[in-house]
**Student:** 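One structure coming up, written as structure tokens, with questions to follow.
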Amino acid sequence: MDEVREITILVKWSGKEYPINDLTDQDTVAVLRHEIFKRTQVRPERQKLINLKYKAKPAADDTKIGLLELKPNFKLMMVGSTEADIESACQRPNDVDDVLDDLDIVVEEKAFRIENSKVYLSKIQRRIRDYKITEINPPRDGKRLLVLDIDYTLFDHRSAAESGAELMRPYLHEFLESAYEHYDIVIWSATGMRWIEEKMRLLGVTTNTNYKIMFYLDSNAMISVHTSDRGVIDVKPLGVIWGIYPQYSAKNTIMFDDIRRNFIMNPKSGLKIKPFRQAHLNRDKDDELLKLSKYLRDIALNCEDFNKLNHRKWESFNPKK
Ligand code: MG
């Protein structure tokens, strides 16, 4: 781990300075652009990085930052504008990605390489060190771990509705109650903490007395990784939780998300749930959470090591075999 260096780059844009500090020398310029976007909302393709040079030429996106030989006190000058289309893209950054994700590429092999790459391990280490978890309820001895996405997994966040209950995925509370028997439950959403808390209140999760949520994780616990075919993406590495709570590991953790790339770092631990959309049309039809309750119970009672499971085939899991 020692050979990966953490790097901070000060970006000067529109008269203000933005320290970009979630970087290592192994990250590429594309990752730098992605981080700048997160801070400034200037999209990567619109960023003109005036003085970022490699061998006297503008540094290409796949150039590693460590090769740039940045001087101490280096300030990166950026030009780039935020426009109306950028604004809409920022509100719902997942829209485009949802479509991409439906292609559902086979990521296993690639994910393995990413999982083992030092730079990502170093970013996970930093999350373990710096991300502050507010524990709502303590972990319980001998329980497995269930990590749940919110949008489209538990909740249709896009349809209009009068109340949260209308957009809630059917059987949510039954599902959480049943899962709680064998699992400690964590909610991990790519939005901000305030929204997560708001949604959980809206859905009545906070006040339900039949189960307890251990804690929430937000987008700040995610890390950015550079993949060859999809560019820079933000993912949810379970290593962040495992590093802080060593009683959990790939052996006893399962994660539900409607977007497969969110668990690209832990493909064996992820279960891609069918997205719950158009709540009004599907409220009476969708029984995914009911079926998944059974799966969670079956594997908790019949499987010591979740590494042996193939969650892609969860629907045909047979505990007798
Ligand atoms: Mg989702």
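Both counts, for ligands and for their atoms, begin at 1 and track the order of listing. Along the sequence shown, the residues carry numbers beginning at 1. If you're wondering where the values come from, they're calculated on a predicted model, not measured in any experiment.
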**Student:** For this output row, return yes or no: ring centroids of Y245 and F215 closer than 6.0 angstrom.
**Tutor:**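 That pair passes the under 6.0 Å test.
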
**Student:** Less than 4.0 Å between a side-chain N and a carboxylate O, is that true for D27 and K64?
**Tutor:** no

**Student:** Salt-bridge test for R126 and E6: reply yes if a basic N is under 4.0 Å from a carboxylate O, no otherwise.
**Tutor:**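 E6 and R126: salt-bridged.
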
**Student:** Report yes if some heavy atom in the side chain of D218 is under 4.5 Å from a heavy atom in the side chain of W195; otherwise report no.
**Tutor:**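 Not touching, per the 4.5 Å side-chain cut-off.
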
**Student:** D258 side chain to K274 main-chain N or O, any donor-acceptor pair under 3.5 Å?
**Tutor:**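 Not a single qualifying donor-acceptor pair exists.
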
**Student:** Please confirm whether the backbone N or O of P19 pairs with a side-chain atom of R39, one donor and one acceptor, at under 3.5 Å?
**Tutor:** yes

**Student:** If you draw a sphere of radius 2.8 Å around the Mg ion (ligand 1), how many protein N/O/S atoms end up strictly inside it?
**Tutor:** 3

